[in-house]
Structure formats: C-alpha cells, structure tokens
Protein chains: 2
Amino acid sequence: MELAEAKQKFIEAWGKLGSEWGINRTMAQVHALLLVSPEALTTEQIMDALSISRGNANMTLRDLIGWGLVEKQHRAGERKEYFFADKDTWNIAKQVAKERRKRELDPVVKILDELSNVKGDPKDPEYLTFHKSVTDINKLAKNVDKTLDTMIKAEESWFWGSIVKMFR
Amino acid sequence: MELAEAKQKFIEAWGKLGSEWGINRTMAQVHALLLVSPEALTTEQIMDALSISRGNANMTLRDLIGWGLVEKQHRAGERKEYFFADKDTWNIAKQVAKERRKRELDPVVKILDELSNVKGDPKDPEYLTFHKSVTDINKLAKNVDKTLDTMIKAEESWFWGSIVKMFR
DNA sequence: TCAAACTTTCAAAATATACTGAAAGTTTAA
DNA sequence: TTAAACTTTCAGTATATTTTGAAAGTTTGA
C-alpha cells in the first residue's frame with residue numbers, strides 16, 4: 001500500500017470511529033490529518049487535503065483547539081497561521097476523557113444525584129423500581145467519573161504499566 | 001419532585017447522554033422508560049409514554065433486543081408482546097461495552113493493524129510521522145480492547161471491589 | 001378457512017446536523 | 001490611511017439521520 005493511500009485510510013477510519021462515538025466526522029478527519037503530518041499545516045492545506053470549505057475548516061480547527069488537541073503556530077515573518085496536533089497518544093486520550101467527562105458525564109451525574117433524592121412511597125413498586133435504577137446507574141456513573149479522574153491525573157507510565165497488568 | 005416528573009427527567013437525561021455518545025436518542029429513552037417500569041410494557045404503552053409511532057417503537061425495541069438490553073415476554077392467553085429491560089446495571093454496562101467493542105472498536109483495530117504494516121522510507125518524515133501515530137494509536141486501541149474484554153468476562157464483584165480500590 | 005389481533009416493513013416526510021461561501025472583520029506593513 | 005493578506009461569521013443550503021404511518025405480513029382461535 002502506498003503511503004498516500006494509507007494516510008487516506010487512516011483519515012477515513014478515524015472519521016468513522018469519531019462519528020460513531022458522537023464526534024463530528026470532519027473534526028476527527030482534520031485531527032487525523034494533522035496527526036500524520038510531520039509539519040504544521042495551513043488552513044488552505046487542510047481545505048485542499050480534505051475538500052472542505054474555508055468556513056468548515058476554520059470552525060473545526062477552533063473546536064479542535066477547544067478540545068486541547070491542536071494548537072496554532074505562528075511563524076516569524078509570515079501572516080498565515082499554522083496548525084499542529086499533539087502526537088502523544090496518552091495526552092490525546094487524557095484530553096478526550098477530560099473534555100467528555102466535563103461536557104457530558106458530569107451534567108448527567110448532577111441530574112442523577114437530584115433524582116436519587118426524590119422521595120416516594122416505599123410500598124409503591126413504581127417508586128421502588130425508579131429509585132433502584134436511578135441509584136444504581138448513579139453509582140456506576142460515579143465510578144466511571146472517578147476512574148476517568150484518576151486516569152486524567154495519572155502518569156503515562158501508570159496506564160501502560162499497572163492497568164495492563166491488572167487487566168488479565 | 002413528583003415521581004412522574006422525575007421519571008420524565010430521567011428519560012430525558014438518558015436520551016441526551018445516549019445521543020451525545022452516538023446512540024439513537026429514542027432508543028436510549030425507550031431503554032430508560034423500561035428501566036423505571038416494574039412491569040413489562042406493551043408496544044402501545046411505550047408509544048403513548050414517549051409519543052412515538054408504532055414503526056419507530058417496533059424498530060427501536062428490535063434494536064434494544066439486538067443490544068441484549070431488553071427482552072420480549074409472552075403471557076399465557078394473550079396475543080400482545082411485552083417488553084422488559086434487564087435492571088442490573090453491571091449487566092447493562094457489560095452488554096454495551098461488548099457490543100460497541102464488536103461493532104465499532106474491533107473494525108478499527110483491524111484497519112490499524114494493516115496500516116501499521118505499511119512500509120516506507122525510514123528517512124521520510126512523512127512516513128515516520130504516519131507510522132508512529134498509527135502504531136501508537138494501535139497500541140492504545142488494543143489496550144482499550146483488552147480492558148473491555150477483561151471487563152466483559154469479569155465478575156461484578158471484581159468491578160465494584162478491586163477497581164474502586166485501585167482508582168484512588 | 002376466515003378474520004381479528006397483532007407485528008413488521010419501508011418509502012416518503014420530518015427533523016437534526018453539518019457545510020458552504022461570500023461578506024464582514026482583523027491585522028499588518030508600507 | 002490604505003490595501004493586501006488573512007481569519008471569522010452565519011444565513012442559507014445540503015446532507016444525514018430519524019420518524020411516520022399505512023400497507024403488507026403473521027399468528028391465532030373459532
């Protein structure tokens with residue numbers, strides 16, 4: 001397989017996985033493109049490589065910066081902005097975990113906490129089932145939350161070392 | 001807060017979380033509705049509770065059964081089918097992990113394996129960056145894969161016990 | 001065998017999401 | 001201060017996803 005073809009496949013696969021997990025396909029593709037680029041790229045280059053419009057490229061890059069996955073680079077004597085992706089897989093994973101926890105998991109945990117406190121007739125099966133499901137899911141969500149928090153604060157070596165040993 | 005209102009909030013929250021993570025909102029809502037129902041429900045009851053069409057209810061229930069989260073119940077002397085959700089949070093988490101691994105993660109790992117083997121000029125920075133990113137992500141994906149596999153095979157007590165102790 | 005009771009299918013419609021491109025905005029250097 | 005070089009915005013458009021609902025299919029009991 002040619003390198004160019006392989007890059008294309010990588011970009012497609014990453015875009016597909018992203019979209020299946022609720023991340024905009026184009027955003028995942030731009031990220032993939034930057035991941036396989038040794039040099040920082042300009043908006044123009046990204047537009048060309050992925051056949052997307054200037055507006056789309058601009059918004060997507062802004063989002064990626066917001067996720068902490070990409071950064072702008074300025075070069076002396078140049079007006080253009082260059083974009084560069086952090087290539088460290090562990091940083092990427094941590095960053096994604098951190099953002100999704102904050103944006104999506106934490107708000108739900110907040111609601112589940114409220115709903116866990118709803119009082120009702122302890123003889124009413126409707127209430128009992130509601131209460132049990134909500135508190136059980138709350139416990140699970142809090143566990144996931146705590147796990148992600150630990151992961152975010154952890155050192156890379158911890159992940160590649162101890163978790164692998166543990167899970168077997 | 002009234003029980004009815006609380007149920008509604010739970011259904012909404014679960015639907016929102018689902019859609020943010022690439023799961024059809026209606027599917028997550030039907031699941032939530034069944035989770036808080038002590039008794040199995042008919043298609044009609046689900047249609048009414050969530051204001052969805054018969055077709056949608058039917059397809060969504062079929063999907064939920066496909067995910068292993070819901071099962072059909074038949075009652076003696078009745079033509080109607082009843083639907084019931086497994087209420088065990090641990091089973092739900094395992095089931096979702098299992099399906100998403102199979103449907104979405106494994107296919108990507110397969111592609112990454114192929115791309116890891118693409119050969120190129122070891123002096124070409126384009127190749128080197130591509131190769132490093134792909135192999136690094138492949139390692140991470142395999143780790144996640146292995147972790148999920150262990151989780152799927154693990155006992156509930158293991159999860160609630162040792163993982164909680166570990167992450168702190 | 002019939003028809004009532006129920007389930008499934010899927011083309012068309014509705015809705016939600018993503019993208020475009022041109023205009024407006026900003027920065028820089030002469 | 002001007003204008004070229006570049007970035008940002010967002011209303012309108014396009015695309016993708018989800019939902020509807022009526023027709024077709026199936027099952028059951030008389």
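- Between the C1' atom of C/dT15 and the CD1 atom of B/Ile52 lies a distance of 16 Å, rounded to the nearest Å.
- Taking only side-chain atoms of A/Glu81, from C-beta outward, the nucleotide of C/dT8, D/dT7, D/dT20 with the closest atom is D/dT7.
- Around atom CD of A/Glu39, no more than 12 heavy atoms belonging to other residues, nucleotides or ligands sit under 6.0 Å away.
- Closest contact between the side chain of B/Arg54 and the listed nucleotides D/dT8, C/dC6, C/dT8 involves C/dT8.
- Closest approach to the A/Ser53 side chain among D/dT20, C/dC19, D/dT7 is made by C/dC19 (side chain taken as heavy atoms from C-beta onward).
- For the pair B/Glu20 CD and C/dT17 C1', the interatomic distance rounds to 14 Å; values are reported in whole Å.
- What separates NZ of A/Lys72 from P of C/dT27 is a distance of 10 Å, to the nearest Å.
- Seen from the ring of A/Trp67, A/Arg103 counts as a face-on cation partner, given the 6.0 Å and 45° thresholds.
- Here the nucleotide nearest the side chain of B/Asn24, chosen from C/dG21, D/dT20, D/dT18, is D/dT18.
- What separates CD of A/Glu44 from P of D/dC6 is a distance of 8 Å, to the nearest Å.
- Between A/Asn58 and C/dG21, a side-chain N or O to OP1/OP2 separation shorter than 4.0 Å is absent.
- Atom pair B/Leu41:CG and C/dC6:C1' shows a separation of 17 Å (rounding to whole Å applied).
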Acceptor/donor pairs from residues 20-36 of chain B side chains to any protein atom, 3.5 angstrom cut, sequence neighbours excluded:
| unit_1 | atom_1 | unit_2 | atom_2 | d |
| --- | --- | --- | --- | --- |
| B/Glu20 | OE2 | B/Lys16 | NZ | 3.4 |
| B/Trp21 | NE1 | A/Glu104 | OE1 | 3.1 |
| B/Asn24 | OD1 | B/Thr26 | N | 2.8 |
| B/Asn24 | OD1 | B/Met27 | N | 3.2 |

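- One atom, OH of B/Tyr82, and another, P of C/dT7, lie 10 Å apart when rounded to the nearest Å.
- Taking only side-chain nitrogens and oxygens, B/Thr26 comes nearer than 4.0 Å to OP1 or OP2 of D/dT19.
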Exercise for the section: In sequence, state the C-alpha distance, the side-chain angles, and the governing distance for A/Thr42 and A/Glu81, and then conclude on side chain to side chain contact (heavy atoms under 4.5 Å, CB included). Expected result: CA-CA 6 Å; A/Thr42 63; A/Glu81 291 177 333; over 6 Å; no
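- Closest-nucleotide positions on DNA chain C for A/Met59 and A/Gly77 were compared, and the one nearer the 5' end corresponds to A/Met59.
- B/Thr42 comes within 4.0 angstrom of no nucleic acid atom, judged by non-hydrogen atoms across all strands.
- Distance from the side chain of B/Arg79 is smallest for D/dT27 among the nucleotides C/dT8, C/dT27, D/dT27.
- A/Leu50 has its CG atom 10 Å from the P atom of C/dT20, to the nearest Å.
- Of the two residues near DNA chain D, A/Asn56 and A/Glu78, the one whose nearest nucleotide lies more 5' is A/Glu78.
- Atom C1' of nucleotide D/dT20 and atom CG of B/Asp48 are separated by 16 Å, given to the nearest angstrom.
- Every residue meeting the side chain to side chain donor-acceptor pair (under 3.5 Å) condition with B/Glu78, not counting sequence neighbours, appears here in chain and number order: B/Tyr82.
- Within 4.0 Å (heavy atoms only), A/Ser51 reaches sugar-phosphate atoms of the nucleic acid but no base atom.
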